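Okay, structure first, notes after.
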2 protein chains.
Amino acid sequence: MSVHERKARERANRHQLIVSTARELAETHGWDAVTTRRLAERIEYSQPVLYSHFRSRNEIVGAVALEGFAELKTALRAAVPDGPADREAVTALAHAYTDFAERNHALYDAMFSLDNGLPFADEATPAPLREAYQALLDPLQDHAGSDAPGLLVETFWAALHGLVTLTRAGRMPADQVPQRLALLIDRFIPR
Amino acid sequence: MSVHERKARERANRHQLIVSTARELAETHGWDAVTTRRLAERIEYSQPVLYSHFRSRNEIVGAVALEGFAELKTALRAAVPDGPADREAVTALAHAYTDFAERNHALYDAMFSLDNGLPFADEATPAPLREAYQALLDPLQDHAGSDAPGLLVETFWAALHGLVTLTRAGRMPADQVPQRLALLIDRFIPR
DNA sequence: GCTGATTCCTAGCACCGCTAGAATCCGATG
DNA sequence: CATCGGATTCTAGCGGTGCTAGGAATCAGC
């Protein structure tokens, strides 16, 4: 029965090849350049092969996004030292978040801007999403005071996301991001 | 020379018809449904006519967005009473902003999410954009304290924008928007 | 009523996401 | 080893997209 195993392994490899190629193409030329034709050509298979792995182009975006959530979680955890979740921890967290978005434009878009079909805040939410959320929550919940920690995280996260997207889209000057982050933390986290 | 005037008037009317039709189509069926073919059919002209008014589909989005900025400014001004720009004024401002986004999905997308070709924070920024920004700034600048008012406005705006987009995209539960707004104001505007 | 410029439409380009059905491959069996 | 049959993959095509070249129709000015 090892033939089946080999086939399954090859399928899994090709699956990952599709996701990696889509991600690379998106990161270098934007998601608009990730067409099924171009993607198929890059992996050296025909278009219909893509549809034997994913139901739609959106589902490929979702697969890339999933990688993103795992990496975001890692980046946030790495930036925040163990120990007390003080103001500095929150500062590190915020910078890690915006740095991640800046380093991975296409990945960030797949996670938060494009339609990726992933369920959020739902019983079916995949583990990487929950874990990234948790990595955001942990350093913040000690600063919730009388507010619900969930509300604080979501609002703080929304502010970060707003800064990231509006800056990236040219809606606000890009040269003062650190100052805006400092202001955000200053107001959000009482001394 | 009245013939030229009539023609110019007719052209202007048709220009507005295109913008209004695009907006209506976007608001009822989403921007994806605003194709040049469908739009042309609705205004009862052929596709190339659109391109005698706008250089591209994006430019039509931009024209709709411009209407949006004028209306946003009006909505914000109407919500904030004259007089001292206290906490309540900021609360009214924030609610007016999120209400506007909620009432005009497609319009909001045209203004802040889609590529509309409009220059932001630039010497060529159109008046409606500046005025909407100013309507956001006025009630906030008294609460800047030692921070630059511009930074405060941009950061506060980013938070509002993040809440609006992440909620609309299903990235966070929609049933606690008022609580998040309250938290935002509570932390941003010192008592 | 004719003429020349303006206005507008038909038709088409290259591309898109997606899929039906034919062709090919290849493991299992006699 | 040859054949069969199911899994795999490809070719070809559908209906759609934004955008445009070039010809037809219209209409103001003489």
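Values below: every heavy atom of this structure, side chains too, minus hydrogens, waters and symmetry copies. Chain identifiers are assigned alphabetically (A, B, ...) following the order of the sequence lines, protein sequences preceding nucleic acid strands; residue numbering begins at 1 within each chain. Small disclaimer: the values here were computed from a predicted structure and weren't measured.
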Study note, to complete from the structure: 5' to 3', nucleotides 12-23 of chain D under a 4.0 Å protein heavy-atom cut-off (B base, S sugar-phosphate only, - none) gives -B---BBBBB--

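A/R14 comes within contact range of the sugar-phosphate backbone alone, with a heavy-atom separation under 4.0 Å but no base atom that close.
Between the OH atom of A/Y45 and the P atom of D/dT11 there is a distance of 14 Å, rounded to whole Å. Atom CD1 of A/I18 is separated from atom P of C/dC18 by 13 Å (rounded to the nearest Å). With rounding to whole Å, B/H53 atom NE2 is found 16 Å from C/dT6 atom P. To the nearest angstrom, P of C/dG17 lies 10 Å from CG of A/L50. Atom CD1 of A/I43 is separated from atom P of D/dT8 by 15 Å (rounded to the nearest Å). Atom CG in A/D115 sits about 14 Å away from atom P in C/dG17, given to the nearest Å. Per the geometry, CD belonging to A/E44 stands 14 Å off P belonging to D/dT9, to the nearest Å. Protein atom CH2 of A/W31 is 15 Å distant from nucleotide atom P of C/dC16, rounded to whole Å.
A salt bridge does not link B/D86 with B/R191: none of the charged nitrogens is closer than 4.0 Å to a carboxylate oxygen. Comment: B/E123 does not engage B/R130 in a salt bridge, judged by the lack of any side-chain N to carboxylate O separation of less than 4.0 angstrom.
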Point to revise | A/E41/A/R37 under salt bridge (Lys or Arg N to Asp or Glu O under 4.0 Å): CA gap, chis, key distance, verdict | key: CA-CA 6 Å; A/E41 197 196 7; A/R37 279 174 179 77; over 6 Å; no

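Inspection of the B/Q16 and B/E67 side chains reveals an N or O donor paired with an N or O acceptor under 3.5 Å. Neither side chain, B/Y133 nor B/W157, offers a donor N or O lying under 3.5 Å from an acceptor on the other.
Between B/F69 and B/F112, the ring planes are perpendicular. Angles over 60° get that label, and only those under 30° would be called parallel.
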